[in-house]
Every structure is written in C-alpha cells, then in structure tokens.
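These notes concern the structure reproduced below.
Atoms within each ligand, like the ligands themselves, are counted from 1 in listed order. Everything numeric in this text was worked out from a predicted model, so none of it was measured.
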Amino acid sequence: MSQTPVFPEGFLWGAATAAHQIEGSPLADGAGPSIWTRFAHTPGMMLNGDTGDVACDHYNRWREDVKLMRELGLTAYRFSVSWSRILPEGTGRVNPKGVDFYSRLVDALLENGIEPLLTLYHWDLPAALDDRGGWLNRDIADWFAEYAGVMYRALDGRVKKWVTLNEPWVVTDGGYLHGALAPGHRSRFEAPIASHNLMRAHGAAVKAYRELGKHEIGLVVNIEPKYPASDSAEDQAATRRAHAYMNEQYLHPALLGHYPPELKEIFGEAWPDWPAEDFELIKQKLDFVGINYYTRNVTRAAESYPLNAAMVKQPLGTYTETGWEVFPQGLADLLLWFKRTYGDLPVYITENGAAFFDPPTADVDPRTGARRVRDPLRIDYLRKHIGAVYDAIQAGVDVRGYMLWSLLDNLEWSLGYSKRFGMIHVNYATQERTPKDSARWYAEVIRTHGRKL
Ligand SMILES: N#[N+]C[C@@H]1[C@@H](O)[C@H](O)[C@@H](O)[C@@H]2O[C@H]12
C-alpha cells in the first residue's frame with residue numbers, strides 16, 4: 001500500500017468475539033451445558049485446567065464492554081450466541097432469559113451506533129444434542145434451523161447481518177479428526193460426516209432465513225493461502241491437497257454446489273458418496289462470506305494424517321505466540337483468489353489478529369496511576385493486514401468490513417488463557433479491562449476511516 005488509503009464509504013470497522021470465549025456463567029439463568037462446558041471439565045483437555053466458567057465475565061459486564069466499544073468508535077461488533085442458552089436441550093423448550101441477554105446486548109449496541117453481526121454457531125454445541133449424535137446425526141440440520149428460527153424471530157431487523165457457522169473446518173478438523181477441540185473425537189470416518197452435516201445445517205438455516213428474515217446472511221470460513229515449498233511434483237500435489245482440504249472444502253459446496261475432488265483422494269474409503277439432494281440444500285444464495293485470516297502455509301509433501309503434507313517454517317519469518325507466521329500479503333492473495341474462484345460476492349474480514357506476549361497485569365504509570373499495555377507487535381501486525389485489505393479493495397475485491405480478533409483477551413479454547421489476542425487487556429484476577437496501545441491505535445484508524453494506518 002503506497003498512497004493514503006481511502007476505504008469505501010460504509011466500510012465497517014469492528015471487533016469480534018465468541019460466546020464461550022468471553023461470557024462465563026455458562027449455566028446461568030436456565031442455560032444448558034455445551035460441549036465446551038463438558039470438554040473444559042474433562043481432566044487433561046485444557047491447558048492449565050482452564051475453563052470458560054468465568055472467562056471475561058461478559059455475561060455480567062456486557063454494558064461495560066459495550067461502553068468500551070463506543071469509546072473506541074467501533075461501527076460494528078461480531079459476537080456469537082450460545083445455542084444452549086437459548087435452547088437448553090438444543091431443541092424444543094426456549095429459555096426466555098437466554099434470548100433476553102442477547103436482545104439487551106443488541107439494543108445496547110444499536111443505541112451506541114454499533115452494528116451487530118451475529119454468529120449463530122461458534123463451536124459451543126448443546127451437550128444434549130451431542131448426546132444425540134451431534135454433528136454426526138443428519139437430524140442436526142433441522143435442529144440448527146429450529147434454533148436459527150428462534151433467533152431470527154427474536155432479533156431480525158435489529159440484527160441485519162447473520163452468520164450461520166464460524167469456521168466449520170476447525171469444528172471438524174479439531175473436534176472430529178484430531179480431537180484437540182470439543183467434542184474430542186479422533187476419526188477419519190466421522191470427520192467427513194460432521195463436515196457434511198455442518199454444511200447441511202448451514203443450508204437449512206439460510207433456507208429458514210429466506211422464509212423468516214429480511215436482511216443478510218452468510219458463512220464464515222477460516223482460510224489460508226498454501227504456497228508450495230518447491231516446484232517438485234510432490235510439493236505441488238501436497239499443496240493442492242492442503243488447499244482443497246482447508247480453503248475449498250466448505251466454500252465449494254456452499255457457493256458452487258460440489259466438493260473439490262481432492263477430498264475423496266484425502267479421505268479415501270472414509271469419504272461417502274453424498275446424496276445429490278444434499279447439495280441442493282447446502283448451496284443456498286448468500287449475501288456475503290466472512291473470511292477469518294491469520295497466516296499463510298508454505299507446504300511440502302510429508303507423511304502426515306490425513307493430508308500427507310506439512311508446513312515449512314520460514315527461517316526469516318516473524319511468528320506470533322501461536323506459532324503463526326506474520327504474512328499480510330497472504331491476505332491480499334487470498335482475497336484475490338476468492339474473487340477469481342467465487343465471483344463478486346461481498347466479503348467481510350470477520351477475524352484478523354494475533355497473539356503476542358502481553359503481561360498478565362497492565363503496567364501502572366506511577367505519576368498518573370493510569371494503566372497501560374504496550375503491544376507494538378500487534379499494531380504492526382494490524383497495520384500491515386489492514387493495508388493488505390486495502391490493496392485487495394483497490395484490486396477490485398468487494399471487502400465491506402474488518403473485524404479485529406479480538407475485542408478482549410479471552411479463552412483461547414483448549415489453550416486456555418495462555419494466549420492473548422485482545423486489543424483490550426483483561427486481568428483475569430480482577431476482571432479489569434485496559435485498552436492496549438493497539439486499541440488506541442485502532443480507534444484512530446476508525447476515526448480517520450483508515451487514512452491513519
Ligand atoms: N486461534 N485462534 C484465534 C481465533 C479463535 O479464538 C476463534 O474462536 C476462531 O474463530 C479462530 O481461530 C481463531
């Protein structure tokens with residue numbers, strides 16, 4: 001990016017979170033347990049034995065957090081709804097106090113000029129549905145559409161941008177193939193079934209929205225550009241497999257109505273022959289796609305399960321606390337790939353950010369008593385990635401907003417509280433919030449609509 005950027009009028013500047021990662025109080029006011037409530041209380045599943053029982057206590061502190069969003073000047077806020085707060089058993093009985101929590105949050109956002117982007121599913125499946133097979137049960141498409149319908153009836157109109165699923169790839173790869181995430185399964189036979197049912201549920205929820213809703217709905221995927229480590233046929237083939245497995249596995253059925261052929265190659269006998277009518281359900285017209293971008297992957301052939309591919313660490317690369325290479329050009333490359341492959345569908349960057357080392361407690365200026373958290377690496381990361389978004393917009397990609405991951409330091413799933421992605425520091429012992437230097441910087445970016453990158 002060379003010149004002073006001029007982002008499109010109406011471009012949304014926001015931040016993103018997820019229910020289980022910030023709310024705490026997972027069983028309050030009639031809520032049912034989710035698979036993450038269970039997983040976190042299963043010994044050995046969570047680093048340091050951390051759980052989401054308290055997290056950022058957002059369930060009780062949401063007013064304070066909305067005030068912080070307003071002070072930063074956010075024009076949008078992406079959050080998720082905990083399905084089991086709404087339907088404690090996953091289907092049937094609605095918990096009015098669960099609906100009320102999100103209704104009040106949405107009203108507060110709107111009163112403060114912040115547009116809500118609501119994610120229906122950000123990994124916290126009701127435990128009661130997991131007991132009935134969860135994402136392995138084809139009936140979940142109907143269960144998810146029922147839950148989505150409850151939320152559409154309650155909030156559509158105040159919420160005008162809906163997301164069905166967050167990162168189906170992680171749900172499946174982490175929860176059903178490798179077992180690092182809830183519900184902790186490890187099966188190459190279950191993974192394709194979970195993936196396919198996630199996409200069937202996505203389609204059913206979009207179909208329900210077209211009957212009940214009047215605004216916009218989309219899908220959020222985590223995708224990353226795969227660059228071959230060499231020109232060798234083996235590395236090229238490994239890169240092709242990795243690209244299909246992560247970047248095309250969900251966008252192809254949702255937008256094109258079929259899977260990439262590599263998935264049959266990857267899963268072999270574990271890849272079913274899906275009924276044609278499933279793709280009619282999955283491929284529903286979308287109003288936008290959300291892209292979560294963090295890093296790239298330089299890929300080589302290797303003996304690995306199930307891809308026979310491995311990432312090549314870059315000796316001159318800069319890496320975050322989660323071991324991800326800082327590579328902003330990958331975001332621009334990815335957005336151009338998306339446009340070439342799927343056309344001019346509007347795109348939001350629904351997550352982008354980094355975990356760098358931040359202290360457990362904020363510094364205190366002895367003269368003023370003011371708290372401060374210095375995070376120059378995060379500012380550099382964000383500046384370069386927002387710049388890459390601008391480059392893609394200049395190249396013709398219809399990007400309509402940027403949601404920084406994350407508003408708050410939060411529960412990084414099975415990594416617990418060990419990784420801090422927030423632009424607002426959370427002292428978990430006191431629940432004190434301290435906007436980091438990156439938050440102050442982002443507020444200026446927003447105030448100048450991107451001109452002060
Ligand atoms: N890891 N990491 C950070 C972040 C995670 O905290 C979000 O819940 C996911 O949507 C996505 O993986 C990205």
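- Contact annotation for Thr322 and ligand 1: no heavy atom of the residue comes within less than 4.0 Å of the ligand.
- Contact annotation: Lys419 has no heavy atom less than 4.0 Å from any atom of ligand 1.
- The His122 neighbourhood of ligand 1 comprises atoms 7 (C), 8 (O), 9 (C), 10 (O), with distances under 4.0 Å to a heavy atom of that residue.
- Scanning the protein heavy atoms around atom 10 (O) of ligand 1, the nearest turns out to be Glu351 OE2, 2.7 Å.
- Taking atom 8 (O) of ligand 1 as the reference point, the nearest protein heavy-atom neighbour is Gln21 OE1, 2.7 Å.
- Regarding atom 1 (N) of ligand 1, its nearest protein heavy-atom neighbour is Glu412 OE2, 3.0 Å.
- Using cut-offs of 30° and 60° on the angle between ring planes, the pair His58 and Phe101 is perpendicular.
- A cation-pi arrangement is present between Lys313 and Tyr319, with the terminal nitrogen or guanidinium carbon under 6.0 Å from the aromatic centre and inside a 45° cone about the axis.
- Set against the non-hydrogen atoms of Trp123, the atoms of ligand 1 under 4.0 Å away are 9 (C).
- Here the two rings, on Tyr121 and Trp135, have centers that are under 6.0 Å apart.
- Protein heavy atom nearest atom 12 (O) of ligand 1, with residue, atom name and distance: Glu167 OE1, 3.6 Å.
- Of all the heavy atoms of Trp169, none lies under 4.0 Å from any atom of ligand 1, so neither backbone nor side chain is involved.
- Note that Arg400 lies outside the cation-pi zone of Phe11, set by a 6.0 Å cut-off to the ring centre and a 45° limit from the axis.
- Each of the atoms 1 (N), 2 (N) of ligand 1 lies under 4.0 Å from some heavy atom of Trp324.
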Per-pair distances, 0.1 Å, donor-acceptor, side chain in residues 15-23, under 3.5 Å, sequence neighbours excluded:
residue	atom	partner	partner atom	Å
Thr17	OG1	Tyr77	OH	2.6
Gln21	OE1	Trp413	NE1	3.3
Gln21	NE2	Asn410	OD1	3.2
Gln21	NE2	Leu411	O	2.8
Glu23	OE1	Arg85	NE	2.8
Glu23	OE1	Arg85	NH2	2.9
Glu23	OE1	Tyr102	OH	3.2
Glu23	OE2	Tyr102	OH	2.7

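- Nearest to atom 4 (C) of ligand 1 among the protein's heavy atoms is Tyr294 OH, 3.5 Å.
- A ring-centre distance under 6.0 Å is found for Trp337 and His243.
- Below 3.5 Å of separation, one finds an N or O of Trp413 facing an N or O of ligand 1.
- The aromatic ring centres of Tyr294 and Trp405 sit 6.0 Å or more apart.
- Atoms of ligand 1 lying under 4.0 Å from any heavy atom of Asn166, numbered from 1 in the order shown and given with element: 10 (O).
- Although no hydrogens or angles enter the test, the distance criterion places no donor-acceptor pair under 3.5 Å between the side chain of Asp50 and the main chain of Gly416.
- Contact check for Tyr417 versus Leu47: no side-chain heavy atoms found under the 4.5 Å cut-off.
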